[in-house]
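Some notes on the structure that comes next.
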2 protein chains.
Amino acid sequence: MTSAPTWTIAQVAEEFDVTHRTVRHYEDLGLITPERRGTQRVYHRRDRTRLGLILRGKRLGFPLEEIRTIIDLFDAPRGRRTQLEYVLAQIDERRADLDQRLRDVQDAIAELGEFERRCREDLDKLA
Amino acid sequence: MTSAPTWTIAQVAEEFDVTHRTVRHYEDLGLITPERRGTQRVYHRRDRTRLGLILRGKRLGFPLEEIRTIIDLFDAPRGRRTQLEYVLAQIDERRADLDQRLRDVQDAIAELGEFERRCREDLDKLA
DNA sequence: ATAGTGCTTTACGTTTACGTCAACGTCAAG
DNA sequence: CTTGACGTTGACGTAAACGTAAAGCACTAT
């Protein structure tokens, strides 16, 4: 039988191209909660998944505190109807935010394309 | 004849929902350069356009210094061939960055949708 | 004349997101 | 058994992006 794979802090830091300090900082803020084997941290698949979500959230410009509420949402208890409805409401809020980001990116890409077109026109005129 | 419209710092701050301090901070960093009429700042359409670009860049998580290089690109001299080719190269770099952001947002939205589907399933089972 | 409104600069304070030592524990290899 | 290699916890430092007084100018309204 193959037991669940684990990683050291050096390995996850290497894999996600961040420093040990960064990984521990995320733990301080409660974004990841690695197992402890004695004094050492042991990272599981779940921690790596979360790290991926954290870094993507960062690329999208979300503050770490907000990222925490978002990824905690995925692990939130959903047993009772009220809990599920709360989670669904949160999802709607998040989606509104992401939709705005999507429009922003698309607009920026479109403007960049338009700008490139004008530059190429100028370049052609110089030919 | 209608002369070009101008705005005070209070008006642009109000319009873009930021503080005076923020607007002046962007000026300190060289992101906008309003006219001076005596000691007072006078904002033109160009300044408002740039403010819009700045805030969108911020929503996308770009640091202000990087935003400056981006919007300066739009006003960069493009007379000589070498200049145009430099600008076009910069555009490609920016686009690569934005494409990454686009993928990030799309992935995040997709995951959120999938998560919502599972929540609704759970909700149905409770019915 | 003075009070009020709006703008100005100067300058120190704050929050976020880590960087950077310092000092110490632990375990396998020589 | 001591020397690395790797890990740990503080604790202070720093850069970015403003917040927040403090103090003063300019014009208008009473």
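Chain letters run A, B, ... following the sequence lines, proteins first and then strands; every chain starts at 1. None of the values given here were measured: they were computed from a predicted structure.
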Does atom CZ of A/Arg118 have more than 12 heavy-atom neighbours, drawn from other residues, nucleotides or ligands, at distances under 6.0 Å?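 More than 12 heavy atoms, drawn from other residues, nucleotides or ligands, come within 6.0 Å of this atom.
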
Tell me whether A/Asp17 at atom CG has more than 12 heavy atoms from other residues, nucleotides or ligands lying less than 6.0 Å away. no

What is the distance, to the nearest angstrom, from the [atom1] atom on [X] to the [atom2] atom on [N]?
| X | N | atom1 | atom2 | answer |
| --- | --- | --- | --- | --- |
| B/Gln11 | C/dT5 | CD | C1' | 14 Å |
| B/Glu66 | D/dA15 | CD | P | 18 Å |
| A/Arg24 | C/dT20 | CZ | P | 14 Å |
| B/His20 | C/dT10 | NE2 | P | 18 Å |
| B/Asp28 | D/dA15 | CG | C1' | 16 Å |
| B/Glu27 | C/dT9 | CD | P | 7 Å |
| B/Arg37 | D/dC25 | CZ | C1' | 18 Å |
| A/Glu14 | D/dG7 | CD | C1' | 17 Å |

What I want to find out is whether [X] reaches [Y] closely enough, with some N-O distance under 4.0 Å, to be called a salt bridge.
| X | Y | answer |
| --- | --- | --- |
| A/Arg24 | A/Glu27 | no |
| A/Arg41 | A/Asp47 | no |
| A/Asp122 | B/Arg80 | no |
| B/Glu66 | B/Arg94 | yes |

Residues from residues 39-48 of chain A sitting under 4.0 Å of DNA chain C, heavy atoms only? none

For nucleotides 17-23 of chain D, just jot down a letter per nucleotide in 5' to 3' order: B, S or -, based on protein non-hydrogen atoms under 4.0 Å. BBBB---

Please determine whether a side-chain nitrogen or oxygen atom of A/Thr8 lies at a distance below 4.0 Å from atom OP1 or OP2 of D/dG7.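 Result: yes.
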
Counting only N and O atoms by type, is there a donor-acceptor contact under 3.5 Å from the side chain of A/Arg78 to the main-chain atoms of B/Cys119? no

Calculate, to the nearest 0.5 Å, the distance between atoms CD1 and CG belonging to B/Ile54 and B/Leu64 respectively. 7.5 Å

Name all residues meeting the side chain to side chain donor-acceptor pair (under 3.5 Å) criterion together with B/Glu65; count only those two or more places apart in sequence or in a different chain, and write none if there are none.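 Once residues adjacent in sequence are excluded, the partners of B/Glu65 under the side chain to side chain donor-acceptor pair (under 3.5 Å) criterion are B/Arg68.
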
Tell me what A/Arg36 touches on the nucleic acid: a base, only sugar-phosphate, or nothing, going by heavy atoms under 4.0 Å. sugar-phosphate

